[in-house]
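Worksheet for the structure shown next.
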2 protein chains.
Amino acid sequence: MEKTDKDVVLRQFPHLEQALLDELLQQSNLKKVEAGDEVMRTGQYIKYTILLLSGLLKVYREDDEGNEFLIYYLEPGNACAMSMMCSARNEQSQIKAKAVTDAEVILVPSHLSELWLGKYKTWHSFVIASYRQRFEELLQTLDSIAFKALDERLLFYLRRHVKVSGNEVRLSHQQIADELNSSREVISRLLKKLEQTGALTLHRNYLEIHDLEREFGS
Amino acid sequence: MEKTDKDVVLRQFPHLEQALLDELLQQSNLKKVEAGDEVMRTGQYIKYTILLLSGLLKVYREDDEGNEFLIYYLEPGNACAMSMMCSARNEQSQIKAKAVTDAEVILVPSHLSELWLGKYKTWHSFVIASYRQRFEELLQTLDSIAFKALDERLLFYLRRHVKVSGNEVRLSHQQIADELNSSREVISRLLKKLEQTGALTLHRNYLEIHDLEREFGS
DNA sequence: AACTCTTTGTGACATCAGTCACTGAGGCGG
DNA sequence: CCGCCTCAGTGACTGATGTCACAAAGAGTT
């Protein structure tokens, strides 16, 4: 890696100890990906742990028929817990990660990641913390699917999207439908309802979010 | 703990190093619970990591209205990943664990569990492995809810149940419905359909499973 | 302007799942 | 045997969601 990248790494992962950062900089690959690129594909063998330096990634689950839905977002400073787990077991990825914006990732070869668990206390804490955080998000996602009707799931989805990318939601209805594993028409209707309550304004190719926190009565 | 318990512990957790087992035996509580007891309640503050010595536990997610559904089973030798995570952050439990059969658990106080992560390599590996395993099961559960209709979810549920407790599924339709967050009538109808295909036989208060692996065409 | 592509809106309809109301079957205690 | 309880079966209905068909609107291209 080059010198300028070094600063970026240091800024995003301040909790990692110096010796580890040095090794990270020497032994790992920095990779730039463009918006829309797939960082990880379903069925691929994962040989790296993925650390996100900049940009935004979406992590999906995908089934046999190509249906998908969003599990969570990864922001800079996050590690992809799934890649850690798959790479550790040398297993096929059961998920898919896609760059929402242009992004930079660090690919840490699995054997190093495993080695570091014993070698660097801060790495090991980081891995545990990542697992915990992702576990919780996964549980929340599970909740929303298991207990909530589609209208609430849509709210949950939009809130999460707003949290990572602001009040302009630059998605078509079709994209939203895909990520909720629903259909466009249904999403269109629900969005229209939300517009009527004043929660957002519909535009072509994007939504303008005003307020998603209110309770939207029947 | 007493001497006889010691053997049980050693047998269930052969991967843990001796020094750790010694400390485990000295500092932790062995607790016996009866079938039906709640080992962990939603909203409770978790101060222990739970290790299962014998018996079978069910781990549920529960929402505000008391709806619940099954996330996974814990078998002897397993740790409850949720309890690890909650106790680590001193957070309220977002889940519920119930004993299916009489069971014995070891309660490891959180501060010890955290301490051991640094102190014992085998503990730390064990914790990581537990997270990974649970993560995968959680993903499978998520899949079944997100992509599958109720009939397939029922199959998924029954298969899992058979795996941990054999071909006699001693559950009422109501109980199954609860764990799938559905309703009794619907489950009854689906079970009847499965009976007609020869997959199982219905009895009062239990099901006799013959073969759940076939594809059951429309 | 005419064309074309994508996105969004909308009504009609089908299906799955949940709910309600009721029946009947099995088991248990008096 | 009778009453009572839980569990299971069933038909009718409802509502949410998905599907189909088609219309309309926006935006870029020629």
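Protein chains get the first letters and strands the later ones, always in sequence-line order, with residue 1 at the start of each. Side chains included, hydrogens not; waters and symmetry mates left out as well; all remaining heavy atoms used.
Here the C1' atom of nucleotide C:dC20 and the CZ atom of B:R189 are 11 Å apart, to the nearest Å.
Nearest nucleotide to the A:S188 side chain, out of D:dA8, C:dG9, C:dG18: C:dG9. With D:dG9, C:dA17, C:dT10 as the choices, the nucleotide that has an atom nearest any side-chain atom of A:K192 turns out to be C:dT10.
For A:H15, the NE2 atom sits in a loose shell: 12 or fewer heavy atoms of surrounding residues, nucleotides or ligands are nearer than 6.0 Å.
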Side-chain polar contacts of residues 141-149 of chain A - donor-acceptor pairs under 3.5 angstrom, sequence neighbours left out - could you list them?
residue, atom, partner, partner atom, Å
A:T141, OG1, A:I71, O, 3.1
A:T141, OG1, A:E137, O, 3.0
A:T141, OG1, A:R160, NH1, 3.3
A:D143, OD1, B:R61, NE, 2.6
A:D143, OD2, B:R61, NE, 3.1
A:D143, OD2, B:R61, NH2, 2.8
A:S144, OG, A:T141, O, 2.9

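Note on B:S182: a side-chain N or O is less than 4.0 Å away from OP1 or OP2 of C:dG18.
For the side chain to side chain contact (heavy atoms under 4.5 Å, CB included) test, no residue two or more places apart in sequence or in another chain qualifies with B:R204. Shown here are the side-chain hydrogen bond (donor to acceptor under 3.5 Å, both in side chains) partners of A:Q12, two or more places apart in sequence or in another chain: there are none. Among residues two or more places apart in sequence or in another chain, the ring-ring contact (aromatic ring centres under 6.0 Å, His included) test is passed with A:F156 by none.
Within residues 138-148 of chain A, no residue approaches DNA chain C, by heavy-atom distance under 4.0 Å.
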Going 5' to 3' through nucleotides 2-7 of chain C and flagging B where a protein heavy-atom sits under 4.0 Å of the base, S where only the sugar-phosphate is that close, and - otherwise, we get ----BB
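If you take CZ on B:R184 and CG on B:D178, they are separated by 11.5 Å, rounding to the nearest 0.5 Å.
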